[in-house]
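Heads up, the thing below is written out as structure tokens.
Each chain gets a letter, A, B and so on, in the order the sequences are listed, and its residues count up from 1.
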Amino acid sequence: MIHTENLSKTYMMGDVEVQALRAVDLEIKDGEFIAIIGPSGSGKSTLLNLIGCLDTPTSGAVFIDGIDTGKLSENGLAEIRREKIGFIFQQFNLIHTLNALENVALPMFFAGVGRETRIKRADELLAKVGLGDRMYHKPSELSGGQQQRVAIARALSNDPEVVIGDEPTGNVDTETGNAIMGILKGLNRDGRTIIVVTHDAEIAAYAGRTKRMRDGRVLD
Amino acid sequence: MRDKFLLAFRSIRERKARSILTVLGIAVGIAAIVSLMSVGYGMEEAITGELTGMADMISVMPGEIRGAHSYIEKGSFTDRDVSDLQRIGGIKEISAMTYDAAEVEYRNENVPIFVFGGDTKELEGFYVEPVGLKEGRWLRENDYKACVIGDRVANDFFDEVIHVNDKLVINSDKFIVVGVFEKGDMLYSNDVDSNIFLTLRAAKEVLQTDEIKYIIVRVYKIEEAERVAEEIEEVINDNHGLDDFAMAMTMGSMIEMMDDIFNIIQGVLVGIAAIALIVASIGIMNTMLMSVMERTHEIGVMKAIGAKSRDVLSLFLLESSIVSLVGGVTGCVVGVIVAKVLSFLGSTASGLEIAAIVKPEVLLAGIAVAVIVGVLSGFYPARKASRMSPVEAVRYG
């Protein structure tokens with residue numbers, strides 16, 4: 001289970017202080033599929049980055065399975081990102097020098113998984129997202145939708161309980177977007193917690209629960 | 001570890017252009033150090049080598065050298081001086097020479113030129129062997145109206161170039177040119193290029209003098225040179241009843257006089273090395289900083305998918321060391337080639353035999369500089385990027 005307490009984040013944009021997140025309390029149950037929807041600048045990506053341990057809050061706390069992530073060291077946070085969470089970015093963020101298989105295997109490499117296991121599992125994951133025939137292609141040789149599917153396979157690499165998607169369909173066409181959401185829906189059916197941020201109500205409809213955000217606050 | 005190597009190699013290979021440029025950036029700096037140092041050592045060696053080849057030689061002059069350039073002549077030696085010297089122990093050879101300016105005519109042109117006369121065997125050892133003849137042959141003791149001329153006498157002094165078998169008039173006596181010297185290098189050009197050489201007999205006659213202006217003595221043992229030089233001065237000073245009539249200079253003391261020059265050469269060497277080192281280091285830092293900084297985004301992605309700062313850092317350090325090492329080795333190879341080319345060009349230009357000396361410690365230092373500076377300058381941006389929050393790093397690029 002993930003929950004946030006009084007979570008706030010303030011950025012400095014030059015001399016101007018921007019309150020991206022204002023005292024957010026949110027609870028996400030295990031196995032839930034939640035969509036956070038809101039216009040750009042509403043703070044939804046900031047919230048996601050904090051839950052995903054990619055960033056640290058200005059005040060307040062994020063608890064993952066009861067662990068206060070604010071009390072963890074750098075390495076402790078890295079471990080959570082590696083073991084418990086799979087992150088999918090809007091820009092895919094694949095390593096462009098590595099092929100699809102190597103990209104998927106990379107989180108396992110950092111987790112210290114042996115070479116053979118890495119390749120076998122990456123192979124399976126790519127097959128699962130329908131890219132069994134594109135394993136040795138570089139990201140530049142793949143379409144946007146294919147790249148995002150590689151990114152999903154990568155997010156699943158260390159078998160995390162939670163998959164987080166920051167506008168995962170933002171850079172693909174509607175049809176591909178639906179296919180990607182279908183994959184996420186399937187992952188949720190397998191028991192994984194899925195958290196997706198979007199500004200598209202149609203995409204949000206895949207989720208079991210939708211939360212709206214505006215001006216750094218979660219609306220009820 | 002093996003996997004890390006593979007990953008690092010992968011990343012280097014996939015960024016071919018960038019990696020090659022980085023390697024080149026490093027190699028250029030290291031090549032500069034290696035080539036300049038090697039040529040510098042070669043130059044130093046060439047000059048000392050040339051001097052030590054003449055270490056058994058003592059020059060005896062009737063006068064004294066004041067300061068760096070002025071020589072004050074106090075008279076000339078006599079035949080008695082020369083025969084008295086033969087009593088001194090440890091002397092292998094004595095060669096008496098005379099010289100003076102003479103009026104030389106060639107095809108109706110008159111030019112004053114120094115005429116040198118001496119024992120032909122001795123002169124051969126002193127000048128012909130190191131400098132070499134371009135045309136013709138060297139003088140023989142039984143030659144009479146024959147002369148050998150320096151490079152500038154043949155090519156520069158008269159409107160027309162002088163060749164073997166041409167005739168010169170020296171102080172109204174006709175001489176036939178039997179040989180022409182090569183152009184002398186730094187050490188010899190003063191003594192050879194602008195002079196005309198005759199047998200001692202012919203020189204005495206044409207210069208109308210019995211005066212001996214210069215005696216060259218060779219000793220058996222180099223370590224005895226100083227003692228012999230002192231005795232020579234004593235014997236000749238006694239003959240002339242003066243305290244400081246003769247000056248006998250060993251090559252050792254000439255080398256001492258040239259100490260200043262060596263200090264300058266050493267200083268220049270150190271200076272060159274220091275500049276090359278700074279240039280190389282800045283170049284390496286720049287290329288490495290840039291190549292790691294432009295990958296901040298990649299570092300962010302790696303961290304976002306669970307890499308620890310340490311993982312990222314070790315990966316990038318490994319990459320930096322591989323690139324630096326390849327750059328360092330490439331630089332050494334290029335540096336050695338450049339040194340050889342430079343020393344060849346230098347030898348051709350100066351006439352002095354300069355062979356680049358590649359010292360293994362210079363090569364090792366070059367590689368060490370490449371790796372140390374490369375890794376350190378890769379370390380800084382990699383650490384900076386690995387300490388950013390993943391969100392911040394991912395936003396880059």
Inset, instruction - Return yes when atom CE of A:Met13 has more than 12 non-hydrogen atoms of other residues, nucleotides or ligands closer than 6.0 Å, and no otherwise. - result: no
Legend entry - Gap separating the CD1 atom of A:Ile95 from the CG atom of B:Leu7, nearest 0.5 angstrom: 8.5 Å
Inset, instruction - Kindly compute the distance separating CZ (A:Phe109) from CD1 (B:Ile305), expressed to the nearest 0.5 Å. - result: 10.5 Å
Legend entry - Shortest non-hydrogen contact from B:Ala307 toward A:Ala78: O-CB, 3.8 Å
Could you pull out every donor-acceptor pair under 3.5 Å between chain A and chain B?
from	atom 1	to	atom 2	distance (Å)
A:Leu54	O	B:Val391	N	3.4
A:Glu74	OE1	B:Lys303	NZ	3.1
A:Glu74	OE1	B:Ser309	OG	3.3
A:Arg81	NE	B:Lys303	O	2.8
A:Asn93	OD1	B:His297	NE2	3.2
A:Glu102	OE1	B:Arg10	NH1	2.8
A:Glu102	OE1	B:Arg10	NH2	3.3
A:Glu102	OE2	B:Arg10	NH1	2.0
A:Arg118	NH1	B:Asp3	OD2	3.3
A:Arg118	NH2	B:Asp3	OD2	3.3
A:Lys138	NZ	B:Glu14	OE1	2.8
A:Lys138	NZ	B:Glu14	OE2	3.4

Legend entry - Engaged part of B:Met388 at the chain A interface, taking heavy atoms whose separation is under 4.5 Å: neither
Inset, instruction - Against chain A, label B:Leu6 side chain, backbone, both or neither, depending on which of its atoms sit under 4.5 Å from a heavy atom there. - result: side chain
Inset, instruction - Evaluate whether atom CE of A:Met1 has more than 12 neighbouring non-hydrogen atoms of other residues, nucleotides or ligands under 6.0 angstrom away. - result: yes
Legend entry - Segment of B:Val301 engaging chain A (4.5 angstrom heavy-atom cut-off): side chain
